[in-house]
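Note sheet for the following structure.
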Amino acid sequence: MEISALTRSVVKHNHAIIAPDGYINSNVPGWTNCTVNVIINEQMGARLAQTLITLREGGELQGTTQAAQVFFYVVEGQLQASVDGQEKTLAKGEYVYVPVEKSYRFHTPTEGTQVLTFHKVYEPLAGHETPGVLFGARDIAKAPIYMNDDALRIQELLPNELGFDMAVNIFTYDMGGHLPMVETHIMEHGLMYLEGQAIYVLDQQWYPVKKGDSIWMAPYCQQWATTMGKEPSVYIYYKNVNRFPT
Ligand code: UGY
Ligand code: MN
């Protein structure tokens with residue numbers, strides 16, 4: 001039997017690794033017949049929220065976004081989506097961006113459907129339109145090489161336009177891939193590993209991570225990562241972008 005007093009999860013002032021072994025479920029009004037794990041939020045010191053929702057057969061997520069926009073990504077299974085009057089079936093790897101003040105309803109016939117969400121309070125920008133509802137899909141063909149290294153590919157899931165104040169990207173590291181430098185930056189990240197294993201270095205500390213693990217990086221938390229093992233490592237990540245540095 002495993003020793004239950006051990007975990008790979010850590011929570012520090014400027015970063016956290018949250019492995020699934022420590023999840024405790026939350027109840028979220030309007031989200032029914034599902035388990036919800038709030039992985040990152042302001043209680044931690046973060047300015048985004050990240051959740052993982054696991055739906056049972058007939059599970060439903062219903063509500064209206066308020067100050068925060070919400071990005072929903074299907075990690076497993078499928079969802080029937082109805083967002084601001086637009087209907088669509090979302091399969092694994094598909095997503096929908098729900099801007100502020102829009103109604104949404106998702107339901108699933110598939111037991112075990114998993115949905116990852118990123119939430120950020122929207123900061124409007126004078127002269128630029130608030131984004132509309134946007135559907136899309138993971139697609140490696142839309143992932144250009146990152147920083148001239150053909151072992152690294154990034155797909156941007158949201159348009160790189162000033163109306164958006166958040167980015168959500170999928171970062172694929174082929175075998176031998178690693179970040180070209182230790183990043184030190186004002187932007188904050190939340191992420192979840194979708195595939196593979198890696199070593200992540202956060203604030204000079206080294207962590208083994210794998211599929212299912214999530215990471216929070218506060219602004220200026222130094223970061224570096226390298227893939228590990230016999231398959232590529234892939235994560236989906238959030239970043240705040242495009243606003244004046246206050
Ligand atoms: O966009 C980024 O800042 C990205 N390269 N950081 C990361 O993956 N930790
Ligand atoms: Mn970064």
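Note that ligands are numbered from 1 as they come in the structure, with each ligand's atoms numbered from 1 the same way.
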Have a look at ligand 1 and work out which part of Tyr200, if any, has a heavy atom under 4.0 Å from it: side chain, backbone, both or neither.
-> side chain
Select one of side chain, backbone, both or neither to describe which atoms of Met187 lie under 4.0 Å from any atom of ligand 1, heavy atoms only.
->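 Contact part for Met187 vs ligand 1: neither.
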Any Lys/Arg nitrogen of Glu76 or Lys92 sitting under 4.0 Å from an Asp/Glu carboxylate oxygen of the other?
->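 Salt bridge between Glu76 and Lys92, a charged N being under 4.0 Å from a carboxylate O: yes.
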Between Glu123 and Arg47, is the closest basic N to carboxylate O distance under 4.0 Å?
->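 No, Arg47 and Glu123 are not salt-bridged.
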Looking only at distances, please establish whether an N/O atom of ligand 1 is found under 3.5 Å from an N/O atom of Tyr173.
-> no
Examine Asn169 against ligand 1 and note whether any of their N/O atoms are separated by less than 3.5 Å.
->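 Not met; the criterion fails.
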Would you find a donor on one side and an acceptor on the other, under 3.5 Å apart, between the side chain of Ser82 and the backbone of Arg105?
-> no
Just wondering, more than 12 heavy atoms not from Arg8 lying within 6.0 Å of its CZ?
->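 Buried by this count: over 12 neighbours within 6.0 Å.
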for atom 2 (C) of ligand 1, nearest protein heavy atom and its distance come out as Lys239 NZ, 3.3 Å
Residue, atom and distance of the protein heavy atom nearest atom 8 (O) of ligand 1 read Tyr235 OH, 2.5 Å
Could you check which of Glu188, Glu183, Glu156, Met147 puts a non-hydrogen atom nearest to atom 6 (N) of ligand 1?
->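 Looking at heavy atoms only, the winner is Glu183.
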Closest non-hydrogen atom pair between Met217 and Leu202, with its separation = CG-CD2, 3.6 Å
Check whether any heavy atom of His185 sits under 4.0 Å from an atom of ligand 1.
-> yes
Find, among atoms of Glu183 that are N, O or S, the one nearest to the Mn ion (ligand 2), and state its name.
-> OE1
List the steps, then state whether ring pair (Phe, Tyr, Trp, His ring centres under 6.0 Å) holds for Tyr200 with His15.
-> CA-CA 11 Å; Tyr200 230 105; His15 66 273; 9.9 Å; no
Pull out every atom of ligand 1 sitting under 4.0 Å from any heavy atom of Phe171, numbered as shown with elements.
-> 5 (N), 8 (O)
Relative to the heavy atoms of Gln223, which atoms of ligand 1 are at a distance of less than 4.0 Å?
->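 Close to Gln223: 6 (N), 7 (C), 9 (N).
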Of Thr113, Asn33, Thr89, which is the lone residue that meets side chain to side chain donor-acceptor pair (under 3.5 Å) with Thr108?
->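 The passing option is Thr113.
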May I ask you to check whether Asn25 and Thr35 show a side-chain donor-acceptor distance below 3.5 Å?
->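 There is no such pair between these side chains.
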Would Gln223 count as a contact for the Mn ion (ligand 2), in the sense that one of its N, O or S atoms lies under 2.8 Å from it?
->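 Short answer: yes, at least one N, O or S atom is under the cut-off.
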